[in-house]
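Residue numbers start from 1 in every chain, and the chains themselves are labelled A, B, ... in the order their sequence lines are given, proteins ahead of strands. Source: prediction; values computed, not measured.
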Amino acid sequence: MLQTLSELKCLDSSIYHLPTLDIAKKLLGCILIKETTEGTAAGIIVETEAYIGPEDQASHSFQNRRTKRTEAMFGRPGTTYMYTMHTHNLFNVVTGKIDQPEAVLIRAVEPIYNIDLIRKRRSKITKDTHLTNGPGKLTKALGIDMADYGHDLTHSPLWIASYNTPTSEVVSGPRIGIDNAGDAKDYPWRFWLKHNKYVSK
DNA sequence: TTTAAGATGTACT
DNA sequence: GTACATCTTAAAT
């Protein structure tokens, strides 16, 4: 648990120009911070998934499908792509150059700052490990919503900071929840910190 | 304008 | 294991 965020340094924008799969790995161990009128909360990113639009049947931007919804994926790397799934908002970091619709879905974080606010926002949850271990859970816990669509992640109120190099090993495997995505469902484009208790199941 | 499906989460059997 | 909440997008009528 951090007592202050003042020591944190915003992730350098050059990282977002790396290949998408590299970014998915490098974001692990970084800190995602959201500031709201309610307060500021933050978590360590412990699980990600890569979506590489043109060649990825599981992506909303498969074969460069460009619609009002996917527009942000075609924008600058280092901005956000948000998607509403049933009652939940899912948060992605846009990667790839302009007009290359690629993104990294943040699937889970480990609460590290203002966990009281996170518990309040997830009031029905009793176990801390269940507060943020899913893509819809962490957005609710941190107060991220559709108003953050297209936001630049190098600026307040929503930003990503570098942190300690992850102590645990990065492992990969197939992505989750895309059973009808043909061959793409088997691509090992999900990355997480081994043995971390806050990774989704 | 109507309909169907979804990168999920929670409650319940 | 199954049901369903609840809403937007996008495709079909």
Q | Given B:dG9, B:dT8, B:dA7, the nucleotide with the shortest approach to the side chain of A:Met85 | A | B:dT8
Q) Nearest to the side chain of A:Pro135, which nucleotide is it out of C:dA11, B:dG6, B:dT8? A) B:dT8
Q. Among side-chain atoms of A:Glu47 and A:Ser200, is any donor-acceptor pair under 3.5 angstrom?
A. yes
**Q.** Minimum-distance nucleotide (side-chain atoms of A:His60 versus B:dG9, B:dA7, C:dA5)
**A.** B:dA7
**Q.** Side chain of A:Thr67 (C-beta onward), nearest among B:dT8, B:dG6, C:dA10
**A.** C:dA10
Q: Taking only the side-chain heavy atoms of A:Lys68 (C-beta and beyond), determine which of C:dT9, B:dA7, B:dG6 contains the nearest atom.
A: C:dT9
Q: Give the nucleotide from the list B:dG6, B:dA7, C:dA10 with an atom nearest to the side chain of A:Met73.
A: B:dA7
Q | Ring-face cation contact, A:Tyr16 with A:Arg76, 6.0 Å cut, 45° max | A | no
Q: Can you figure out which of B:dA7, B:dG6, B:dA11 approaches the side chain of A:Lys124 most closely?
A: B:dA11
Q | Integer angstrom distance from the C1' of B:dA4 to that of C:dC4 | A | 16 Å
Q | Watson-Crick and G-U pairing of DNA chain B written in dot-bracket, each distance under 3.5 angstrom, with | for inter-strand partners | A | ||||||.|||||.
Q) Counting side-chain heavy atoms from C-beta on, which of C:dA5, B:dA7, C:dT9 comes nearest to A:Arg69? A) C:dT9
